[in-house]
Amino acid sequence: MKREPAMKKATKKAIKKAALGMLIVATAFTAPAPAAARAAVKSSQGISWQNEVFTKALYKKTEKIGLGTGGGTVVQDQQTVKKAYRLLADMQLKQNQKAPGAPKEGYVQVTLYLAGGKTKRYQFAGKRMYSAKKTYTIVKNSPLGKLNKIFQAASQEETKGVSRIATASYPKDAPYPDEADYRKSNGEIDYGKYETAYDAWWEDIHARRSITGYADNLDGFLTQSAQQFLTVEGNENRVYSPLNVYMALGMLAELCGGDSRQQILDLLGSKDIASLRRQSSGLWNAQYRNDKAVTSILASSLWLNDSVNFVQPTLDTLAKDYYASAYQGAMGSAELDQALQGWLNEQTGGLLKNQASDIKLDPNTVLALATTLYYRAKWHDEFLKENTKQELFHADVNDVPCDFMHKERADKTYYQGNLFSAVSESLEGSGDMWFLLPNEGLTVGQLLKDSQAMEFLMCPGREGWERQKRCLVNLSVPKFDVSSQFDLGEGLQALGVRDVFDYNVSDFSPMTKDPYPIYLDKASHAGRVKVDETGVVAAAYTVLMMNAGAAMPPEEVIDFVLDRPFLFAVTGSDGLPLFVGVVNHP
């Protein structure tokens, strides 16, 4: 079998702790309901209620149903809702008396949207269904296959004035194997089948790691854009996803021509549009992971004015090379606004729901372009919750009490620069999270202006860093949940992308042949990163609107305490920065 021993050891450890992903809590369990309560009850609606969960009373309250990792693909046509609910009601369920361990990844969520704004969520994984407090085994009539077909059919139809006119097709990852799925009737694990599944998963990961060329000439964009967009006034936090913005600008370049396109190509470090196309596709595929071990998904979409004639080959190119689906509807309508906001929420796991609610399409908008990045991974070696305790974080303005996670005498590589020191924490099956602490008396603003610090923060290949040593580190990291939302327009113009903002000189001829004076009116970016004892979950979106080794550890011990403003970066397995940010206050 082709695998790394460390990976195998880490994988077995991860299996015991369950996989990664959306957190589901299933703690309270009661005895199964009497058989009579589960008996089929016919209604005048033609639905049979075979279980005590999806009842007639609940059906009467259900206005629409969502399906997906976040339950975000929503149908609200009542005939479609009825079809979907019928499948849920037809399940035969047996309530479990003992928790089998709620999944944290690799599940499908069904969301019922009830009258009055309430929601009920149910997670499906294999032959099990999880509600907020109970766990069930699906004895008969699992609904997922048929539900999928219903939702796929509904997404192709024009619903409430929004139609899909181009569809991106995502690759299918080999799933991260779970020992529980290979348990035989006698309780023993069939390790032969498990090892075969593990090899398939590892070969898939290895194939992605073998993709080359996509990181060429990215250093300039990564460093310049991070300096531009992380520099803030005052003590606000800031989260920026350079790869998310890269994909948005790549798509924008496809929609432009002439100098408008060239300015974007120059910023992104691409010699021509064909090179950008290849690089964007390679970058997307290298970062994509949705295999029950790591979630890392870059998603893209276009939102088109239904009164404008668009160039179909351009839309096809965006679907193929940028994995962008395209939707069309009436600009300024509540339906299209809700569809865009729902798409953003679905693709970011609901992490940026408040920010997405601010996104509105103007009636004069010709096209809106949206990209997202959703990421979730566990620490390779989790922080123990019993070691977490409240301490003071020394912010610029005042001291802030917050919970600090601790690891004592951790064997790490400790890095030093002229103005900073740094360590990293490994993420299971993925990259690392890097922490850069300014030297005493310096600020994160000074680090952002320092070329050495920015090179370290943004560029892969830190192995050859001159000032590094192995030592035992007493690591203290504040738990934090930081987010930001900001406009990209001024910063992009400062970085040389100017013509698209001026309708007198902008060239959007690859997008439409209609004689509109089109320009880039709004460019918004939002990001959020959450860090706790278990791991990291993060999301970002960009919306552009076009208007009209195992050696013995050393003895040296270093205290690395992040108790004042610092920089961070979350990298993929290739070392490229997925998210970077400033924590001025946790």
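Closest of all the heavy-atom pairs between V366 and N547 is CG2-C, 4.0 Å. Closest approach of A248 and T371 over heavy atoms only: CB-OG1, 3.5 Å. For S241 against L373, the heavy-atom pair with the smallest separation is OG-CD2, 3.3 Å. The minimum heavy-atom distance linking P438 with P565 is given by the pair CD-O, 3.4 Å. Shortest non-hydrogen contact noted between P478 and P586 is CB-CG, 4.0 Å.
With contacts defined as side-chain heavy-atom distances shorter than 4.5 Å, the pair L427/V536 qualifies. L544 places none of its side-chain heavy atoms less than 4.5 Å from the side chain of K522. Proximity of D563 to L392: side-chain heavy atoms (C-beta onward) are nowhere separated by under 4.5 Å. In this structure, the side chains of P401 and E391 stay at 4.5 Å or more apart for every pair of heavy atoms. Side chains of L562 and L437 form a contact here, defined as non-hydrogen atoms less than 4.5 Å apart. Side-chain atoms of K412 and L475, non-hydrogen and from C-beta on, do get closer than 4.5 Å to each other. Side-chain contact check for L255 versus P510: every heavy-atom pair is 4.5 Å or farther apart. Residues S270 and R277 form no side-chain contact, since every pair of their non-hydrogen atoms from C-beta on lies 4.5 Å or further apart.
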Give the intermediate values and the outcome of side-chain contact (heavy atoms from CB on, under 4.5 Å) for residues L298 and Y374.
-> CA-CA 7 Å; L298 288 154; Y374 180 73; over 6 Å; no

With side-chain contact (heavy atoms from CB on, under 4.5 Å) as the test, would you mind laying out the steps for V583 and V444 before giving the verdict?
-> CA-CA 9 Å; V583 178; V444 291; over 6 Å; no

For the pair L367 and L369, evaluate side-chain contact (heavy atoms from CB on, under 4.5 Å) and give the outcome as yes or no after the intermediate values.
-> CA-CA 7 Å; L367 175 146; L369 180 162; 4.2 Å; yes

Criterion side-chain contact (heavy atoms from CB on, under 4.5 Å) on T295 and R289, from CA distance to verdict = CA-CA 5 Å; T295 302; R289 291 281 301 278; over 6 Å; no

Could you please spell out the steps behind the ring pair (Phe, Tyr, Trp, His ring centres under 6.0 Å) verdict for Y288 and Y323?
-> CA-CA 11 Å; Y288 180 81; Y323 297 87; 7.9 Å; no

Show the numbers, then the answer: is there a ring pair (Phe, Tyr, Trp, His ring centres under 6.0 Å) between W202 and Y198?
-> CA-CA 6 Å; W202 176 244; Y198 180 92; 7.3 Å; no

I would like to know whether F420 and F456 meet ring pair (Phe, Tyr, Trp, His ring centres under 6.0 Å); could you show each step before the answer?
-> CA-CA 10 Å; F420 68 93; F456 185 93; 5.4 Å; yes

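Within a 6.0 Å sphere centred on CD of E236, heavy atoms belonging to other residues, nucleotides or ligands number more than 12. Other residues, nucleotides and ligands contribute only 12 or fewer heavy atoms inside 6.0 Å of the NE2 atom of H206. The number of heavy-atom neighbours closer than 6.0 Å to CD of E386, taken from other residues, nucleotides and ligands shown, is above 12. Atom CD of E490 has 12 or fewer neighbouring heavy atoms from other residues, nucleotides or ligands inside a 6.0 Å radius. Other residues, nucleotides and ligands place no more than 12 heavy atoms under 6.0 Å from the CG atom of D259.
Pairs passing the salt bridge (Lys or Arg N to Asp or Glu O under 4.0 Å) check and including a residue from residues 219-232, sequence neighbours excluded, do not occur. A salt bridge (Lys or Arg N to Asp or Glu O under 4.0 Å) check over residues 261-272, counting only residues at least two apart or in different chains, returns nothing. Screening residues 571-580 for side chain to side chain donor-acceptor pair (under 3.5 Å) gives Y214-D574, Q287-D574 as the qualifying pairs, with residues at least two apart or on separate chains. For residues 243-277, the ring pair (Phe, Tyr, Trp, His ring centres under 6.0 Å) pairs, not counting sequence neighbours, are F221-Y246. Counting only residues at least two apart or on different chains, the salt bridge (Lys or Arg N to Asp or Glu O under 4.0 Å) pairs with a member in residues 477-487 are K479-E533, D481-R528.
The aromatic rings of F568 and F480 are tilted relative to each other, their planes meeting at an angle between 30° and 60°. Note: F566 and F393 have perpendicular aromatic rings, judged against thresholds of 30 and 60 degrees for the angle between ring planes. Using cut-offs of 30° and 60° for the angle between ring planes, the W303 and W343 rings count as perpendicular.
A cation-pi arrangement is found for R238 relative to F486, the charged atom lying closer than 6.0 Å to the ring centre and inside a 45° cone about the ring normal. Taking the ring centre of F404 as origin, the terminal cationic atom of K389 falls outside the region bounded by 6.0 Å and 45° from the ring axis.
With hydrogens and angles left out, the side-chain atoms of S430 and Y375 include a donor and acceptor closer than 3.5 Å. There is a side-chain donor-acceptor pair under 3.5 Å between E254 and Y322. For the residue pair T542 / N244, a side-chain donor-acceptor distance below 3.5 Å is found, with atom types taken as modelled. In the model, N474 has a side-chain atom that pairs as donor or acceptor with a side-chain atom of D559 under 3.5 Å. Side chain to side chain, D204 and Y176 fail the donor-acceptor criterion of an N or O pair below 3.5 Å. Using modelled atom types and a 3.5 Å distance limit, the side chains of Y240 and Q228 yield no donor-acceptor pair. Inspection of the D432 and S426 side chains reveals an N or O donor paired with an N or O acceptor under 3.5 Å.
Salt-bridge formation is not detected for the pair E556/R470: no Lys NZ or Arg NE/NH1/NH2 atom is positioned less than 4.0 Å from an Asp or Glu carboxylate oxygen.
Each of H525, Q485, Q355 was compared with Y541 under the side-chain hydrogen bond (donor to acceptor under 3.5 Å, both in side chains) criterion, and only Q485 meets it.
For S476, the side chain to side chain donor-acceptor pair (under 3.5 Å) partners two or more places apart in sequence, or in a different chain, are H406.
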